[in-house]
Amino acid sequence: MRPPSMPELPEVETTRRGLAPHLEGRRVTTVTLRRPDLRWPIPEAVCVRLPGQRIEAVERRAKYLLLRTAAGSAVWHLGMSGVMRVLPADTPVAVHDHVEVGLDDGRLLRFTDPRRFGSLLWQPVGETHALLAGLGPEPLSDAFTGDTLFAASRGRKAAVKPFLMDQAVVVGVGNIYAAEALFEAGIRPTTPAGRVTRERYQRLAAAVKRILGCAIERGGTTLRDFLNPDGLPGYFEQELFVYGREGEACRVCASALKSLRLGQRATVWCPRCQR
DNA sequence: CATCGGACCTGTTAGC
DNA sequence: TGCTAACAGGTCCGAT
């Protein structure tokens with residue numbers, strides 16, 4: 001039904017928290033590209049600049065993970081199916097293992113991504129990569145509020161769901177969490193963004209923060225298993241109200257959930273709870 | 001500028 | 001049962 005461990009923002013944050021204690025303070029010894037054609041070709045700078053650098057911090061911006069060093073940052077996106085793990089140096093290589101970063105403690109950071117929607121970029125120190133430059137506020141920060149959404153939406157004719165998924169409006173809200181947040185806020189996904197009231201945007205922003213925060217907390221509970229090859233924690237499926245439940249009964253009012261494609265994305269909502 | 005459709009990729013699932 | 005086709009999804013990019 002659902003691909004396992006699809007990285008939405010909570011998964012990326014969980015990955016960051018899991019990697020940080022193993023990477024911060026470590027020095028990079030080697031960079032090995034087994035498959036340099038990810039979403040974009042991996043820039044040569046990653047191989048040239050990263051070796052020898054000490055990893056100062058593991059950071060996150062939107063769904064990008066940044067390994068920060070004095071020379072710059074390796075910027076990773078997990079795409080649809082990417083996984084990053086710290087493993088013993090002698091761990092056998094599998095088909096979809098594309099990049100390896102050797103560490104001075106003898107272990108390695110391995111990037112695995114079957115669909116290769118992921119990417120690895122280089123951001124020189126003091127610069128902001130073009131792909132990060134146009135991003136909207138972090139959903140869990142104080143910079144993101146209902147007023148933010150209200151202001152950004154005036155005059156917009158696009159439906160509120162794709163509007164909420166626009167990375168220039170707010171980052172990190174993917175298809176699953178957009179559907180769930182709109183349900184929690186009682187807003188129909190097809191409503192033109194410019195016609196949603198300020199009050200309803202306040203409810204929507206609150207829902208986004210609550211749902212993402214909750215999912216990150218859940219991810220945190222599996223951190224101790226982070227080095228396990230089983231990989232990232234999955235979603236808490238039993239708590240989904242609409243995503244993937246088209247035709248099924250609404251968990252609140254029992255109405256049959258409706259669905260359509262909005263901006264090429266599966267969209268499910270409750271015709272009674274969401275107006 | 002806002003919006004829309006196409007492209008990328010492959011494991012899984014539905015349909016024949 | 002075996003094969004093929006559709007589907008899933010984030011996000012960039014080019015066209016309108």
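The sequence lines fix the lettering, A, B, ..., with proteins before strands; numbering per chain opens at 1. Quick caveat, the model's predicted, so the values are computed rather than measured.
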Quiz item: Which whole-number value in Å describes the distance from Phe163(A) CZ to dG10(C) P?
Solution: 18 Å
Practice problem: Rounded to the nearest angstrom, tell me the gap between atom CG in Asp166(A) and atom P in dC4(B). | Solution: 12 Å
For nucleotides 13-16 of chain C, print each protein N/O atom paired with a nucleotide N/O atom at under 3.5 Å, atom names and distance only.
none

Under 3.5 Å, which donor-acceptor pairs do the side chains of residues 48-55 of chain A form with other protein atoms, sequence neighbours left out?
residue	atom	partner	partner atom	Å
Gln53(A)	OE1	Ala71(A)	N	3.3

Quiz item: Could you state the CG-P distance from Leu121(A) to dC12(C), rounded to the nearest angstrom?
Solution: 10 Å
Quiz prompt | Residue-level proximity of residues 152-162 of chain A to DNA chain B when a heavy atom falls under 4.0 Å | solution = Arg156(A), Lys157(A), Ala158(A)
Practice problem: Taking only the side-chain nitrogens and oxygens of Arg261(A), find out if one of them lies under 4.0 Å from OP1 or OP2 of dG5(B). | Solution: no
Quiz item: Taking CZ from Arg115(A) and C1' from dG11(B), how many angstroms apart are they, rounded to a whole number?
Solution: 6 Å
Report all side-chain donor-acceptor pairs from residues 118-132 of chain A shorter than 3.5 Å, counting only partners two or more places apart or in another chain.
residue	atom	partner	partner atom	Å
Gln123(A)	OE1	His129(A)	N	2.7
His129(A)	ND1	Leu131(A)	N	3.0

Practice problem: Figure out the CE/P separation between Met165(A) and dC12(C), and round it to whole Å. | Solution: 12 Å
Practice problem: Would you kindly say whether Asp104(A) and Thr29(A) are connected by a side-chain donor-acceptor distance under 3.5 Å? | Solution: no
Quiz item: Can we say Glu184(A) and Arg203(A) salt-bridge, meaning some charged N sits less than 4.0 Å from an Asp/Glu carboxylate O?
Solution: no
Quiz item: Checking side-chain hydrogen bond (donor to acceptor under 3.5 Å, both in side chains) for the pair Arg107(A)/His22(A): CA distance, chi angles, key distance, verdict?
Solution: CA-CA 9 Å; Arg107(A) 294 191 293 177; His22(A) 301 287; 3.3 Å; yes
Self-check item: Pairwise side chain to side chain donor-acceptor pair (under 3.5 Å) hits with a residue in residues 258-275 of chain A, at least two apart
Solution: Lys161(A)-Thr267(A)
Practice problem: Side chain of Gln264(A) only, please: which of dT11(C), dG10(C), dG5(B) is the nearest? | Solution: dG5(B)
Exercise. Using a 4.0 Å heavy-atom cut-off across all strands, classify Tyr64(A) as base, sugar-phosphate, or nothing.
Key: sugar-phosphate
Quiz item: Nearest-Å distance, CD (Glu8(A)) to P (dT11(C))?
Solution: 8 Å
Quiz prompt | Pair Asn175(A), Glu8(A): side-chain N/O donor-acceptor within cut-off below 3.5 Å | solution = no
Quiz item: Distance check: side-chain N/O of Arg265(A) vs OP1/OP2 of dG10(C), anything under 4.0 Å?
Solution: yes
Quiz item: Is the distance from OP1 or OP2 of dT10(B) to the nearest side-chain N or O of His96(A) less than 4.0 Å?
Solution: no
Exercise. Send over the distance from Arg116(A) CZ to dT10(B) P, rounded to a whole Å.
Key: 4 Å
Quiz item: Listed by chain and number, what are the side chain to side chain contact (heavy atoms under 4.5 Å, CB included) partners of Glu100(A), not counting sequence neighbours?
Solution: Thr32(A), Arg34(A), Val93(A), Leu108(A), Arg110(A)
Quiz item: Could you state the CG-P distance from Asp113(A) to dG10(C), rounded to the nearest angstrom?
Solution: 14 Å
Quiz item: If you draw the axis of the six-membered ring of Phe150(A), does the NZ or CZ of Arg154(A) fall within 45° of it and under 6.0 Å from the ring centre?
Solution: yes
